[in-house]
Structures are given as structure tokens and as C-alpha cells.
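Order of the sequence lines fixes the chain letters, A, B, ..., with proteins taken first and strands second; residue numbering starts at 1 for each chain.
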Protein chains: 2
Amino acid sequence: MSNNHIKPENSTGKSMAKQVKIKDIAEMAGVSAGTVDRILHNRGNVSAASREAVEKALSETGYRYNIHTSAVSLKKGYKLVIAIPTAVKGEYWGTVQNGIEHALEEYSDITIECEYAFYNQFDIYSCRNSFDSIMERKPSAVIIGATFVSETVLLCTKLDKYGIPYAFVDAVIEGTDPVVTYSSDQNACGKTVGRLLDLFTPENAGIAVFGSRRIGNERANNSMVRMSGLMEYFSTCGKKREIKESKISVADPDESEKDIIRFLGENPEVKGIAVLNSRGYIIADILSGHGIQDMNIISFDLTVNNVRCVRSGSISAVICQRPEQQGFHAVKAIIRTLLYNIKEKNVHHFMPMDIIIKENLNQYREIYSE
Amino acid sequence: MSNNHIKPENSTGKSMAKQVKIKDIAEMAGVSAGTVDRILHNRGNVSAASREAVEKALSETGYRYNIHTSAVSLKKGYKLVIAIPTAVKGEYWGTVQNGIEHALEEYSDITIECEYAFYNQFDIYSCRNSFDSIMERKPSAVIIGATFVSETVLLCTKLDKYGIPYAFVDAVIEGTDPVVTYSSDQNACGKTVGRLLDLFTPENAGIAVFGSRRIGNERANNSMVRMSGLMEYFSTCGKKREIKESKISVADPDESEKDIIRFLGENPEVKGIAVLNSRGYIIADILSGHGIQDMNIISFDLTVNNVRCVRSGSISAVICQRPEQQGFHAVKAIIRTLLYNIKEKNVHHFMPMDIIIKENLNQYREIYSE
DNA sequence: TCCGGCCTTGTGTACGTCCACAAAAGTAGG
DNA sequence: CCTACTTTTGTGGACGTACACAAGGCCGGA
């Protein structure tokens, strides 16, 4: 009972990497621990000779400092600013936020202050307001859920100027220099949707694709990339499918309903619909309301409404890009950067595209909620 | 609509929790820090009165001790024994091992020694040998990948006796008391396979199911549970499908090949095959070798061979249960138990069943390899 | 040469916990 | 009431790092 632990010193033959301490490095380089510390933290005021000697010792020993003792003596806290579209519980950005908070819990023994700078993803002025406030908040690091291209580039330029690290979730914006990004390959998503639609829809039936209405021409538009992936799938799959395109309006539900019903009246051969955003449930509910049962809908994101529709069968499949994991890992990566002051090598992480159908829905719910 | 987004903690959007220290608890309870420490670590020699006062203070403040300072001053190390089937890189248990090692890296600042006790999952004697050696190794905790029921129960009884915590990955054995388990709902897996097979196989074609040959009648047999799930799917899906059953032998490849070709000769209507273990690639390769192209194979696990077949199209879909995550989380949970000496509430974790097809294969590869 | 100022380096304390050991309180027997 | 012993409690050093501050070295100008 009392001997179910081992003593660190007396390893029973197993070799254990011995921890190299700052003092060891200092001794090797012929300087004091303080100098090593200054180099490790880029605090400046170090001669070229000392720096060289210490860096040699560091790389020879493969020194990695002890995160625990580091955290113990760390005086300064960090301030994390999260600039993402308004997070609604049970929807996409709400799930991202879950992941963010989950990660912060893991670091609850370090002083990390976290501020949200939400913006309306359909309103460029709201985004500008929000992003303008970020520098005033004096962040140590920023997590960005980008929608508008030039606003984001502007923000990143400022952050770069002050050496403030930032990470992207959901979408990656060109012309920026993030520490790390978590996103999905939207083109591959489109292909996957194509494949699923193809599987679920009878061979002789038609297919329709619903995207969002474009808002401004500056938006980083995941839907459009998904669309081209979907088209690629159908142009290479060997089968001949007729593909109709349409849009749904987010703003006006009554309008949408009329549009959809009219569209289906005009295209009775359509038996499969791809909805390239998270609003598949809207179409599913409209069709249910009109007693239409034999439509196969594929949509995106495991939101509460989509979950309901997958369970009831009014949506055939949903593709999900692990928003929670995106938030979680982005925060962890950015905190690691703050602590260790090193950039990771592989900055772009692509999340898997989970395929969720009625049969495997339950296990995903457990993962994505909580 | 406007204000149902998540407010983190307080109105200013900041989240910071103040650390309650052992000294604070000691002061509140009118004892010294040493006494609090003894209670926290069940070191005994504490009067009932002190214990009561301290526990009151602990629960009032919601005290949670600082993992970093704890780790800094922790003298003892831990020894983790991993009792799983022999891990081969790129196969199921190899991926579990990846996850285990990944988790150990996260705790590289704590002294954790890790020993593997591999066994041959097809040989009950090998399992006995391996499990018999475990107590001698004086583990602080054990991670078990169980195959044989009574051997596992025996091991767990011994572990329980000495109060050594253990966790299950992949399968859960009845009559044991693990700290935590990571596994999949095999019945739901079976249903999902059924659904996929149904989608991929033309409506008028027949379907076959290949399980493993049973080895001994004591084995925890995932295949059998998957089989019943699959049957459930087809008995409730409304369609009429003819389902044939067969087995594949792991031992003798030539024998398997003959069996399969004979089977398909006798059942030419079969155009879809579910392989309820990870050996879908064997069948896929045999069929490819015989020039058979129009078979839809669904199998399990993202092994290197299955990945190759999904990419080439000879396997239509694979279901994967995140072996890496299972290993990863099991280790993290067990280490948390060792550190905090508390049991988690929800011991059974079910992993999602990822559906992998050609179109979404690449992103999963990145996740599961690395 | 001396002085002030800047650049560089070394030193010492604090962080919160663990744990060994010392001290104190309690108990029992004579 | 004293001694011997057990149970309970308090105390201080150690862990490895961060950072403030003091101290030393170097340089140019007077």
C-alpha cells in the first residue's frame, strides 16, 4: 500500500531523462543563473559572448524548463482577448467558446485573464468596432475568429507591430502571421458533402445546393469554397447528376419558406439538398411543416437544432469540424507560446470533418456538449 | 436573442479565480498547514476534531490545490504499467500507445515511469503471464486493454485489494471497479456499419458480414456486439436485405482467400461486405487480386493498410473509435487520480465513431498519426 | 585620473506545497 | 505524580524558476 509509488532517484534500471536545471546551464556556460534566465526570456542586456555560450549549453543539453516551477514563480499574468463572432450557446461559436473555457481551466493555476470581444458576423461595422477596441485592451495574445478580410489584416498588422501573438480559429486569412491556426479544409468538406448527398439520394433524382446569400464581397466565405469542392466531386464521380443552385436568406423566414417551396415546386425531381452552412434545420423544418418526407438534407455543424433534425431523420447527415477542439487547442497553443516564448513549427492544423448520422449521433453529442 | 450569449463569470467579461492556499485553510480551521496537508493526503494521525474543522473549511472555500507547486515539491514519482495487447505501429494498439506517450509528454515535469506489459491478444496464456507479472512491478496505477474476461477480473481484484487505481481502454469488463474507462458503444458501431453498408450497396443486392473466428469462449468479443447492432439496424430499417454470415481466419491467409472466393462464388448477389474487425484490407486485397471491383467493404480502424484501401477505393468506409484519444485520456485521467487522489464522477466515457471515407480521409490521417 | 551613466552580471527572496523531523499533548502503568 | 510511550500538531527546509535589486565592468568626457 505505502509502496505503490517509486522514488525518483532509484530507478530500477529504467533510465529516466534527468532534468537539466538553469543552474546546470549557468555552470556549463560559465555565467550565473540570472543571465540564463535573461536569455530564456529575451529580457535583453546580455553580451553576445554570454548569449552564445548559454545557447550552446541549452542546445547541447536539450534544456526545457520546468513548467511547474515556472508557473509557481511567475509574477505576471496574461491577458487573452478572444475576438470571435457572438457566441450563442448550442451554436457554432458557442461551442468554440466552450473549448476555450475548457482550455483555460487546464491552466487555472496560472493567472490568465480572458476578455471576449464579440462581433456580429453579418455586420462589418460591428467587426470594425470590436477589432478597434482590441489594442486598448492591452492583450498578451489574441484568438481570432475571422470573417471580414481587410479588418482582420488590419488588426493583425497592429498585433505584429507590437509582437503580440495571435491564433486563428475556423478560418485562416491570407497576409497574416499567426502563431497557429485551427481550421478545416473547406474544399474537402464540399467533396464530402457531395459524396454523402450522392449516397443518400436515389440515383435518378436531382440535387440542389443552398448557400448563404453573400454579404458584401469581402467576406471570407466558407460556403463558396465548399460549393466548389462539391462541384468538383460531382464532376469527377463519373455519375451524371443534375445540380440546381439556390440561396436562403437569413433575415426573413417567411420569405425563405416561400422561396423554398416555390423552388421545389419548380424542380420536383430534386430529392437531395446540400445546405452549405449550419442552417439545414431551417429547410428541414419547413419541409416537415409541408409534409415533405423524402428529401435528403446534408448540412453543417452540430448545433442543437441540427441535432434535433438528425435525430428525427429530417436531416440525413451533418458535417462537423470540431469547433470545441478548435477553441481548445488554439488557446493551449497560444498559452504555450506565451510561456515558452517559442513558435511552433507546424502552424496550420486542419480539423477532421466528422460525419454525423442518426446512428452515431449520441457519442458526438457527449463530446461536443459538456 | 441579443443577450443569450455566454457571459464568462462576471459582467466585465474577465475570468479570474483567486487561489485559496493551504495556509488560508489552516487559519480558518485553527490548525497548522501541516495538519491540512495530512488530511489532504490521507496521511493519518489527525484527530477527529481537526479533520472535521479542516474539511468544513475545504468545502466552504472549494479549495483545489495548485498542481504546479504540488509538482514542484513532490518527492515521490509514479510508476504506470500499461497492460495491453502487443502494440504494432500503424495498427490499433500502436495508435493507443501513441496517445499514451503523448499524454506522458504533457506530464514530463512529473516523475512518471512507464512500463509496458504487452500480451498476445489471441493467446490466453500470454495474457496470464503478462498479467501475473503486474503486481511484481509495483505499479502506482495500471492501464488495461482487456481481452480475456476472467484474467482481467483476477487482475483487477488484486489491484483493488492494494488500492491501486486502474483504467480500461477499448473494452470494459464487468465485475471490476476502474477509475475511468474509455471505450466505444459497439452496438451503435454495428448499427452505423449497417447504415453505411445499406447506403453504399445497391438496393437489390445482397449483403455479407464477416466476423473473426472466436478464440476460446471467454473473449470479450467486440465483433459479436457489433454484429447484433448491425442486425438490429437491418431489422428496423424497413428494407428487406438478405444477410449472409461468414468468418475469416487470421492464422492462414491462403485458407482465407479460398474461403472468400468460394463464398462469393456461392453468393453472387452479395455486393456489400461488413468486416467487423480491422482486417477489411485483407478481403479488399484478395478481391483486388481477383479483379473484383464492385464490392463495397466497410471495416473498422484506421490502420495503415485500411487507409491505403480507403484511398484506393477498395474499401468504401472505415469506422474508427479514436484509439489515440482513448490512450491519451486514460493516462491523463489516471494521473489526475494519482495527483489529486480523487475519483472522477463520470467514469465511463464513450468515444465517437468516426466515419471515414475517401473524401475526408486526409484530415483524420493527420490526427491519428503524428 | 576621476566621475557619472550605461551596459552587463550576480544574488537573494518569493512562490505554495510536500514531507521529515521536532515538539507538544495525551495516555497508561507503576 | 512521574516515566515511557503513542498520538497529534507545528515548523522549517527543499523543490526550480522569476524577477527585483545590487554590484561590477566599461566607456567617454572633463
Next item on the list: For the side chain of A:Arg43, starting at C-beta, report the closest nucleotide among C:dA20, C:dG16, D:dC19.
Entry: D:dC19
Notebook entry, point to check: Can you tell if the side chain of A:Tyr182 reaches within under 4.5 Å of the side chain of A:Gln325, non-hydrogen atoms only?
Noted result: no
Note to self: From CG of B:Asn45 over to P of C:dA22, roughly how many Å is that when rounded to an integer?
What the structure shows: 16 Å
Check: What nucleic acid atoms does A:Asn66 come within less than 4.0 Å of, heavy atoms only: base, sugar-phosphate, or nothing?
Finding: sugar-phosphate
Notebook entry, point to check: In terms of the nearest nucleotide of DNA chain D, which residue is placed more toward the 5' end: B:Val72 or A:Arg38?
Noted result: B:Val72
Notebook entry, point to check: Between B:Lys23 and B:Glu27, does at least one N-O distance fall below 4.0 Å, as a salt bridge requires?
Noted result: no
Margin query: Check the phosphate of D:dG10 against B:Thr35, side-chain N and O only, distance under 4.0 Å to OP1 or OP2. Yes or no?
Written below: yes
Check: B:Tyr65 has an atom OH; how far is it from atom C1' of C:dT17, in whole Å?
Finding: 9 Å
Next item on the list: Indicate yes or no: at least one non-hydrogen side-chain atom of A:Met135 is less than 4.5 angstrom from one of A:Ile164.
Entry: yes
Margin query: Is there a side-chain contact between A:Tyr63 and the phosphate of D:dT17, meaning an N or O under 4.0 Å from OP1 or OP2?
Written below: yes
Check: Applying the side chain to side chain donor-acceptor pair (under 3.5 Å) test to A:Tyr166, which of A:Asp160, A:Asp177, A:Thr337, A:Thr181 qualifies?
Finding: A:Asp160
Next item on the list: Would you indicate which nucleotide in D:dT9, C:dT9, D:dG16 comes nearest to any side-chain atom of A:Ser47?
Entry: C:dT9
Checklist line | Nearest to side-chain heavy atoms of A:Leu74, which nucleotide of D:dA14, D:dT17, D:dC19 | finding: D:dC19
Item checked: Length of the line joining B:Leu40:CG and C:dG16:P, which is rounded to integer Å -> 16 Å
Margin query: So, does B:His68 get its side chain near the phosphate of C:dC15, meaning an N or O under 4.0 Å from OP1 or OP2?
Written below: no
Next item on the list: Grab the CD1-P distance between A:Ile39 and C:dG10 for me, whole Å please.
Entry: 10 Å
Note to self: Before you tell me yes or no, could you show the steps for A:Arg137 and A:Ser133 under side chain to side chain donor-acceptor pair (under 3.5 Å), namely the whole-Å CA-CA distance, both residues' side-chain angles and the distance that decides it to 0.1 Å?
What the structure shows: CA-CA 7 Å; A:Arg137 297 167 186 258; A:Ser133 78; 3.2 Å; yes
Margin query: Taking the ring centre of each residue, are A:Tyr119 and A:Phe131 less than 6.0 Å apart?
Written below: yes
Check: Taking the side chain as C-beta and beyond, is there a heavy-atom pair between B:Cys156 and B:Ile173 under 4.5 Å?
Finding: no
Check: Is any side-chain N of the basic residue among A:Arg51 and A:Glu55 closer than 4.0 Å to the acidic one's carboxylate O?
Finding: yes
Note to self: Is there a side-chain contact between A:Ile143 and A:Val81 in this structure, where contact means two heavy atoms from C-beta onward sitting under 4.5 Å apart?
What the structure shows: no
Checklist line | Donor-acceptor pair present, B:Thr69 side chain and C:dT17 base, under 3.5 Å | finding: no
Checklist line | d(CG, A:Leu338; P, D:dA18) in whole Å | finding: 14 Å
Margin query: Without decimals, in angstroms, what is the distance between B:Glu52 CD and D:dT8 P?
Written below: 15 Å
Check: So which of residues 21-33 of chain B are in contact with DNA chain C, with a heavy-atom cut-off of under 4.0 Å?
Finding: B:Lys21, B:Ile22
Notebook entry, point to check: Nearest to the side chain of A:Ser73, which nucleotide is it out of C:dC15, D:dT7, C:dC18?
Noted result: C:dC15
Check: What does the inter-axis angle of the helix from C:dT1-D:dA30 to C:dG30-D:dC1 come out as, five pairs per end, nearest 10 degrees?
Finding: 50°
Note to self: Please tell me if B:Ser50 has a side-chain N or O lying less than 4.0 Å from either OP1 or OP2 of D:dT9.
What the structure shows: yes
Notebook entry, point to check: Is there side-chain contact between B:Ser183 and B:Val169, with at least one heavy-atom pair below 4.5 Å?
Noted result: no
Next item on the list: Starting at atom CG of B:Asn42, determine the distance to atom P of C:dC19, rounded to an integer number of angstrom.
Entry: 13 Å
Check: Rounding to a whole Å, what distance do you find between A:His41:NE2 and D:dA20:P?
Finding: 12 Å
